[in-house]
Amino acid sequence: MIRHMVNLKERSYPICITTSFDDFGKTFLSLRTGKKLLIVTDENVDKYYSDICSKELENNGFEVSRHVLAPGEQHKNLEAVYGIYQQLVEYKFDRTDTLVALGGGVVGDITGFAAATYMRGINFVQVPTTLLSQADSSVGGKTGVDFNGHKNVIGAFYQPKLVFINVNTIKTLPKREVSAGLAEVIKHGLILDEEYCYYINENAEKIFNYDENVLQYLAKKNCAIKGSVVEEDEKENELRAILNFGHTIGHAVETVQNFSLLHGECVSIGIAGAFRLSLYLGAVNEAAVENVKKMLLKLELPVSLPGLDVEKVYSHIFYDKKVKDNKLKFVLPRRIGEVFQCNIEDSELIKKVLFDLSK
Ligand code: NAD
Ligand code: MG
């Protein structure tokens, strides 16, 4: 088992990376929590992994109950959180007890928010089962739900006590979801680690064949990169914003397409857009732009969206949380493995990029 610590003083926690649930109970015991656990999962994940996790935990003396959510972003709302509160009250959970999020980013975000707010905060453990959640959402402590059609507007920063990653859980994930997760994976390389990008590119086939060693290495690198950014800037005052690379255009595309594309697919289009924007500004060279495009395509990710409505995407970019004083803040590449943040006021330039992406 690989162990990586995220160092946030009294909120520090370990990320355990492994290939089964064998040591889950033992690892949990070391947290010294109360005996009661509620596993929150969704219908898709429940049928594969709830029983094995419950058994592991019960064998180590825990009292385990389960709460199964309807799957999908459309259920990431306050109603889902109410359901969890009801069960916690009914089972008389106190602050020593623990909520376990078993699932992808949707389950993790909902459960984390419930944990942050029930009795002003109870123990929370993440067991991410999608590549996106293993690489990204389970680390860093952002929790929350959507509200009135606005994504992630209700939420809290709340760190887990443990992240337990069994990399083999992604074997049951639809392949399209694996590719979408890879967009956030390669994003980590593009912002901070050039060599990691080349590693992902060279091992693409092994990733799609679920090579355990490669998957564990990816998990370790992602957690180390994201963890290091969060350690420096837990609440996104400055540096953490680089994790939004590809997301300014990506979020707008996601909304305009009515969430018919997966988040990672939109991030991939957004990354291609950020490279083009940087090229027009003279900050990155053409070879890097082409190189990144090839890497994304190899991961079976889109780099454009024919027919994209440029005006609609442009106006949505302005609704993005990253807009301050009507200036658009972009994270742009200087080269593969290094980014910088800058305000862009030239609306025609942004439209030119969006037009490129629409071809
Ligand atoms: P998801 O949780 O919706 O999972 C994708 C689909 O795969 C779902 O249908 C789910 O039921 C299914 N699934 C999950 N694990 C499975 C498995 N092992 N086998 C079979 N099916 C499985 O989506 P996601 O991509 O994991 O996460 C997206 C969410 O994460 C978004 O809501 C996004 O806002 C959030 N997010 C949060 C952060 C953060 O820092 N908190 C970061 C990035 C994304
Ligand atoms: Mg993202």
Side-chain angles (χ1 to χ4, degrees), residues 21 40-50 52-53 68-77 80 101-113 115-116 124 126-147 150-160 163 165-188 191 210 215 222-223 226-227 229-230 234-236 240-251 253-255 259 261-271 321 331:
F21 284 113
V40 181
T41 187
D42 73 22
E43 287 158 11
N44 296 330
V45 181
D46 184 51
K47 61 178 185 237
Y48 294 114
Y49 305 112
S50 285
I52 185 166
C53 285
V68 183
L69 301 166
E73 184 74 29
Q74 69 274 29
H75 299 289
K76 191 173 130 177
N77 52 33
L102 173 67
V106 167
V107 167
D109 282 7
I110 295 170
T111 311
F113 184 64
F124 170 45
Q126 289 264 27
V127 186
T129 61
T130 61
L131 187 59
L132 181 131
S133 56
Q134 293 178 358
D136 186 359
S137 63
S138 66
V139 176
K142 280 190 183 177
T143 73
V145 294
D146 306 336
F147 184 73
H150 300 282
K151 223 175 122 73
N152 298 333
V153 284
I154 311 286
F157 283 99
Y158 194 65
Q159 302 294 345
V163 181
I165 300 178
N166 168 1
V167 295
N168 277 324
T169 53
I170 70 160
K171 282 186 179 166
T172 51
L173 198 63
K175 182 139 186 269
R176 188 176 164 198
E177 296 278 356
V178 175
S179 280
L182 285 170
E184 302 281 8
V185 169
I186 197 151
K187 177 197 78 181
H188 286 143
I191 59 175
Y210 310 106
L215 291 181
N222 289 321
C223 294
K226 183 158 183 191
V229 173
V230 171
E234 186 180 0
K235 301 211 167 146
E236 197 166 324
R240 188 167 176 167
I242 67 172
L243 295 171
N244 294 326
F245 181 55
H247 283 61
T248 305
I249 293 175
H251 271 152
V253 171
E254 201 174 357
T255 312
F259 296 90
L261 291 178
L262 298 177
H263 175 71
E265 293 169 339
C266 298
V267 169
S268 175
I269 294 168
I271 289 173
K321 283 177 287 191
V331 181

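Atoms within a ligand are numbered from 1 in the order they appear, just like the ligands themselves.
In terms of the salt bridge (charged side-chain N to carboxylate O under 4.0 Å, His left out) criterion, E254 has no residue partners (sequence neighbours excluded). Here D42 pairs with nothing under the salt bridge (charged side-chain N to carboxylate O under 4.0 Å, His left out) rule; sequence neighbours left out. When the salt bridge (charged side-chain N to carboxylate O under 4.0 Å, His left out) test is applied to K175, the partners found at least two apart in sequence or on another chain are E300.
Of the heavy atoms in T172, both backbone and side-chain atoms come closer than 4.0 Å to ligand 1. Residue contacts with ligand 1, taken as heavy atom pairs separated by less than 4.0 Å, involve T129 via backbone and side-chain atoms alike. The proximity of E73 to ligand 1, defined as any non-hydrogen pair under 4.0 Å, is limited to the side chain. At a heavy-atom cutoff of 4.0 Å, ligand 1 is contacted by the side chain of K226 but not by its backbone. Counting heavy atoms under 4.0 Å from ligand 1, residue V106 touches it through both backbone and side chain. When heavy-atom distances to ligand 1 are checked against a 4.0 Å cut-off, H263 has no atom that comes that close, whether in backbone or side chain. Using a 4.0 Å cut-off between heavy atoms, L262 makes no contact with ligand 1 at all. Residue contacts with ligand 1, taken as heavy atom pairs separated by less than 4.0 Å, involve S137 via backbone and side-chain atoms alike.
In summary, the atoms of ligand 1 found under 4.0 Å from a heavy atom of Y49, numbered by their order in the structure, are 18 (N). In summary, the atoms of ligand 1 found under 4.0 Å from a heavy atom of K76, numbered by their order in the structure, are 31 (C), 32 (O), 33 (C), 34 (O), 35 (C). Listed by number with element, the atoms of ligand 1 under 4.0 Å from a non-hydrogen atom of N152 are 34 (O). For ligand 1, the atoms lying closer than 4.0 Å to a non-hydrogen atom of T130 are 4 (O), 14 (C), 15 (N), 24 (P), 26 (O). Under a 4.0 Å criterion applied to the non-hydrogen atoms of D42, ligand 1 contributes the atoms 10 (C), 11 (O). Of all the atoms in ligand 1, the ones that sit under 4.0 Å from a non-hydrogen atom of D136 are 42 (C), 43 (C). For ligand 1, the atoms closer than 4.0 angstrom to any heavy atom of P71 are 11 (O).
Among protein atoms, those of element N, O or S found less than 2.8 Å away from the Mg ion (ligand 2) are E184 OE2, H247 NE2, H263 NE2.
Ring geometry for H263 versus H251: interplanar angle of 30 to 60°, hence tilted.
Rounding to the nearest 0.5 Å gives a distance of 9.0 Å between NE2 of H188 and CD1 of I242.
Among all non-hydrogen protein atoms, the one lying nearest atom 6 (C) of ligand 1 is E177 OE2, 3.6 Å. Looking only at protein heavy atoms, the nearest one to atom 44 (C) of ligand 1 is L132 CD2, 3.7 Å. Of the protein's heavy atoms, D109 OD2, 3.3 Å lies nearest to atom 35 (C) of ligand 1. The nearest protein atom to atom 30 (O) of ligand 1, hydrogens excluded, is given as G105 CA, 3.3 Å; this is a heavy-atom distance. Protein heavy atom closest to atom 7 (O) of ligand 1, with residue, atom name and distance, is L173 CD1, 3.7 Å.
The side-chain heavy atoms of E177 and L132, taken from C-beta on, include no pair separated by under 4.5 Å. T41 has its side chain within reach of V68: a pair of non-hydrogen atoms, C-beta onward, lies under 4.5 Å apart. Side chains of Q134 and N166 form no contact here, defined as non-hydrogen atoms less than 4.5 Å apart.
Looking at Y48 and T129, their side chains never bring a donor and an acceptor atom within 3.5 Å of each other.
Residue I170 places every heavy atom at 4.0 Å or more from ligand 1.
Relative to atom 34 (O) of ligand 1, the option among K151, Q74, H75, K142 with the closest non-hydrogen atom is K151. Of the candidates V145, T41, N44, it is N44 that places a heavy atom closest to atom 8 (C) of ligand 1.
Using a 4.0 Å cut-off between a side-chain N of Lys or Arg and a carboxylate O of Asp or Glu, K142 and E236 qualify as a salt bridge.
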